[in-house]
Amino acid sequence: MFKSVADRLGIPHSSSSSSVSSHHSSPSSSPSSHHHHSRTSIFSSTPSARSPSRQQQQYHGRSAATTAGTGTGTGIGLTTPAAVTSASGRTTPAAPRKTSLSTPTQKPVLPPLSFFRDNHSNNLALSVADAGAHPDDPPSRAAENVVVSVRVRPFSLAEMKVAAGGPAEVWAVHEDSRIGYADEYSMRERRTAVDYTYDHALTGSDNEAIYSTSVKSLVQSAMEGYNGTVFAYGQTSSGKTYTMSGTSHQPGITPRAVEDVFKYIRENSEREFLLRVSYLEIYNESIRDLLSPEAIDLKIHEDRKVIESRERALTAPLSPTIPGGRKMSLGLRAPSAVRVSQLNLIDLAGSEKASTDIERRKEGAFINKSLLTLGTVIAKLTEEKGGHIPYRDSKLTRILQSSLSGNARVSVICTISPSFLNVDESHNTLKFAARVKKIITKAHTNQVMDDKALLEKYRREITELKAQLMLTAAAAAAAASVGQHEADQSGRPRPTTTEDSNLSHLLERERLKHEEEMVEMNMVRNALKERIDQLTKLILTSQSINTKGIPSSSAAAGGGLGEGHVSSPSASMGRYTVETTADGTVLEFPKEIESRLARKDTIVRQLQSELEAQQEKVALMKSALQKTAKGEAVDIVKTLARVDMEPEREKFLIEKRASIMNLNGMMAWQDGGGAGVLGSGGGVAAGGSGGSGGARQGSMKRVLRDPYAPTSTGARTSATTMTTNDEKDDAASVLLPDGEQLLLSPIPYDAYDYDDDDLMDTPWNRAELHSLRQAKRELEIVVIEQEKKLEDMVAFEDSDEFRNLVLELEEYREKIVGMEEEREGLRATIVELRNSVRRVELAKVGVENGNGNGVGGGSTGGGGGYVGRVPFSPPGSPSPSPSSPAMSATTTNTATAATAGSTATIANTMAVAAANRIQELEQMMQRERKLRMEEQTRNIGRIASLEAQVNILEAEKSYLLFK
Ligand SMILES: Nc1ncnc2c1ncn2[C@@H]1O[C@H](COP(=O)(O)OP(=O)(O)OP(=O)(O)O)[C@@H](O)[C@H]1O
């Protein structure tokens with residue numbers, strides 16, 4: 001039913017690509033200075049987008065992975081005065097259309113538009129929304145593959161330097177867009193030849209060429225309402241940013257696209273456009289608006305209404321003239337359909353960041369998740385078996401979902417480095433490009449139509465159908481008269497010649513043919529009538545939506561429209577009038593109905609908000625009760641953890657029982673008993689904590705005593721008020737008339753003004769009761785378990801096993817004490833021995849001194865005196881006699897020089913004896929030391945093993961105690 005895009009645009013089928021190729025073949029047709037000028041002016045309206053190189057510098061510094069992003073940001077609104085007049089153009093299907101960006105004629109579209117930007121380099125995405133489109137504009141393009149271009153950049157200076165004798169070409173780019181290893185390179189490096197064919201394969205620095213071959217037509221379709229996505233993929237430094245952003249001399253794809261967008265808008269002055277520009281970055285999976293850098297970690301929302309432009313585009317109510325010259329007064333504003341499209345221009349992070357799993361792990365937190373997911377998504381999209389496509393795994397793929405899943409024209413520019421150093425990554429890029437090439441997309445216009453637009457569309461269709469109907473009727477009448485005429489002719493008596501019979505045969509055939517045609521036309525006519533009825537119904541239905549609920553059954557009354565007579569459903573309804581004519585429609589909805597409906601609306605709204613308030617109240621009460629039950633359970637668990645001694649345990653159990661009674665009371669009250677029943681519950685609870693009786697608490701029906709809160713006295717309050725605190729542990733208190741301070745459940749039961757309904761058998765009360773019972777059951781289980789544990793513990797402490805363990809423990813303790821004593825004794829012996837050794841050593845030194853200084857003994861009296869003071873008696877050694885050489889030596893100190901000779905002899909003898917003795921003692925000492933050392937080692941081992949045993953016993957003991 002729909003014509004192709006080219007047909008509808010009134011251009012040859014090849015026009016889109018021919019306009020591209022003409023640009024490609026004559027790039028000079030768009031002088032770069034012109035682009036430069038435009039780019040500057042565009043960016044000046046969005047200052048932060050003006051300096052992509054600054055952004056680039058800023059993000060080049062990062063080692064972390066980054067990826068493309070998008071979103072909505074600063075909007076640029078453009079309104080052209082003649083825009084509204086396009087409405088009449090819309091009603092003329094034959095209106096001439098624009099053929100290309102460079103040779104515009106007329107295009108009935110009104111787009112808003114917006115931009116994107118990516119990672120550390122410059123991503124700019126442009127989204128174009130088009131308001132006021134023709135309702136019957138072409139809905140979709142033919143299915144097409146992603147346009148894949150490969151661009152090999154020139155050698156950089158550094159790369160030239162690396163290659164001695166000039167860089168050898170690695171890649172050969174052929175004119176037919178094939179690319180593979182250069183022969184020389186593959187021979188030298190013994191690399192298997194590869195051969196890839198893409199849509200475009202380019203070299204050099206001319207950005208106009210890449211734009212016109214790979215992007216220009218896509219920008220054109222974006223302006224016509226088709227989504228478009230362009231992204232540059234490739235290793236770091238392969239030229240993505242150069243391609244997307246370019247330089248001042250070679251503006252890249254983004255400035256050229258922006259310029260074309262504005263050019264298109266200029267050339268379609270009868271239209272109104274809304275442009276939206278966003279310039280975003282995805283860095284480590286968080287989106288940042290580069291036009292508003294303080295807004296960080298933006299969220300992605302699915303919002304199919306970029307639509308505000310429609311209102312601006314259609315500020316004046318219109319009365320379009322339909323063919324036939326009659327006015328169609330709708331009582332409504334002009335139909336409005338908004339076409340929204342997006343053009344995403346994305347500069348991805350370096351492809352080397354999306355490699356194998358191992359590398360992924362290596363890069364850890366810095367891995368470029370978006371880029372990896374893009375790879376996965378593309379791989380999945382091209383897999384035959386299909387399955388789940390993980391668009392939601394990364395921000396980039398989420399943003400590109402609608403493009404990648406088919407509703408967009410996509411152009412991928414894969415950039416590679418010419419250097420042999422990067423050959424493997426370049427090859428990976430070529431493989432990626434080949435994979436992407438397999439993706440098939442089928443873009444369609446994102447036309448958003450509201451009921452008014454639909455109404456208009458249906459009306460137009462009705463008019464067309466009626467015209468067809470009239471033609472059909474005329475043709476049928478003609479056919480019938482011809483048939484009749486032929487029948488008349490054939491009914492006449494004629495000579496029965498062979499010629500005549502041939503003629504009558506022919507006439508008969510002709511007649512039958514006409515009859516068939518008539519039947520067919522009647523069928524067509526009926527079908528047309530049916531369709532008209534159906535459409536008329538739809539019109540009234542959509543009208544009824546607009547006027548808040550006119551029953552759709554009344555719409556059927558509008559069926560008369562197809563017949564061209566006036567139909568007045570108002571007569572039957574008596575409240576409103578719907579007048580239809582063959583040429584137009586006047587729909588009037590009396591104010592009375594509207595105001596009645598408005599009143600009803602108000603009542604409904606009031607009821608609704610009342611209902612909500614009630615629901616809120618119920619929810620609050622419920623949560624308060626649940627909180628209490630929960631609080632009880634938590635308290636029990638907490639207390640259990642603390643209780644490990646029997647008396648406390650018992651106390652705890654008593655308290656728990658009391659709280660169960662409390663819950664009983666609460667439930668009894670819930671069951672419908674009210675004050676009295678709760679009073680008894682409170683009474684039991686009071687018993688648990690030694691408080692006063694429950695009868696008095698009848699007046700405190702929603703107040704619960706906290707059985708295990710300390711019964712301290714707090715602030716004095718009246719019996720009818722209570723102080724509460726949201727904190728569970730802070731009990732509220734109530735001063736009873738007799739002066740007793742009651743500590744209450746932390747949950748403010750009196751916070752709500754209950755009425756008798758609270759005691760009624762309502763589903764909510766039942767649910768509440770149910771949850772209370774549940775809480776009680778849980779409490780009971782806890783208590784039973786605890787009692788069981790307590791009994792076990794008591795029984796165990798009475799058992800022989802426990803007594804034996806205690807005895808054993810005592811034995812070990814004694815053993816340890818004995819060991820400790822023994823160890824101390826040994827330590828003392830060792831110390832004593834050490835002292836002995838020291839004394840012997842000193843004695844030795846003294847003797848040696850005496851020997852050396854013997855001749856001049858008088859002058860070294862101090863030394864001699866020292867020796868004389870040494871009372872040496874090692875254990876087991878013969879005690880020195882008072883006439884011993886040592887003692888004699890003392891006397892020699894006072895001898896005269898005349899007796900020096902004999903004294904020296906004596907001293908020598910003594911020294912020899914002393915030396916021998918010392919040697920003897922030293923040997924003894926060494927033996928002794930060795931023995932002691934051995935014993936000490938044995939003792940240390942014993943002590944260690946005993947200590948270990950003690951530790952085990954201690955552990956066992958504490959385990960048992962804990963149990
Ligand atoms: N076709 C080209 N002609 C001339 N110079 C180029 C071309 N492509 C890239 N260059 C230059 O090579 C260098 C690296 O290019 P570019 O910054 O665009 O790489 P990139 O792929 O964006 O790297 P990254 O992923 O690190 O951002 C730049 O100095 C750029 O000007």
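Read the numbers this way: they start at 1 and go in the same order the structure lists the ligands and their atoms.
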> Which is closest to atom 1 (N) of ligand 1 in terms of heavy atoms, Gly204, Ser156, Ser238, Gly239?
Replying inline: Gly204
>> Show the atoms of ligand 1 that are less than 4.0 angstrom away from any heavy atom in Thr236.
In response: 23 (O), 24 (P), 25 (O), 26 (O)
> Would you say Ser245 touches ligand 1, if touching means a heavy atom closer than 4.0 Å?
Replying inline: no
> For ligand 1, does Gln235 get within less than 4.0 Å through its side chain, its backbone, both, or neither, judged by non-hydrogen atoms?
Replying inline: backbone
>> With a cutoff of 4.0 Å, is Gly234 in contact with ligand 1, counting heavy atoms of the residue only?
In response: no
> Should Pro154 be counted as touching ligand 1, given the test is an N or O pair under 3.5 Å?
Replying inline: no
> Is Met244 close to Phe231 at the side-chain level, that is, under 4.5 Å between some pair of heavy atoms?
Replying inline: no
> Taking the six-membered ring for Trp, is the centroid-to-centroid distance between Tyr185 and Phe420 below 6.0 Å?
Replying inline: no
>> Taking side chain to side chain donor-acceptor pair (under 3.5 Å) as the definition, give me every residue that meets it alongside Arg435, ordered by chain and number, with sequence neighbours left out.
In response: none
> Which of the numbered atoms in ligand 1 are below 4.0 angstrom from a heavy atom of Ser205?
Replying inline: 1 (N), 2 (C), 3 (N), 4 (C)
> Just wondering, do Thr415 and Tyr242 contact through their side chains at under 4.5 Å, heavy atoms?
Replying inline: no
>> Closer than 4.0 Å to some heavy atom of Ser237 - which atoms of ligand 1 meet that?
In response: 14 (C), 19 (O), 20 (P), 21 (O), 23 (O), 24 (P), 25 (O), 26 (O)
> So which of Val230, Val215, Ile253 actually passes side chain to side chain contact (heavy atoms under 4.5 Å, CB included) with Thr243?
Replying inline: Ile253
> Counting each atom of ligand 1 from 1 as listed, which ones have a heavy atom of Thr241 under 4.0 Å away?
Replying inline: 18 (O), 20 (P), 22 (O), 27 (O)
> ring-ring contact (aromatic ring centres under 6.0 Å, His included) with Tyr391: which residues, sequence neighbours excluded?
Replying inline: none
> With respect to atom 21 (O) of ligand 1, which of Arg151, Lys240, Arg153 exhibits the smallest heavy-atom separation?
Replying inline: Lys240
> Is there a donor-acceptor pair under 3.5 Å between the side chain of Lys240 and the backbone N or O of Gln235?
Replying inline: yes
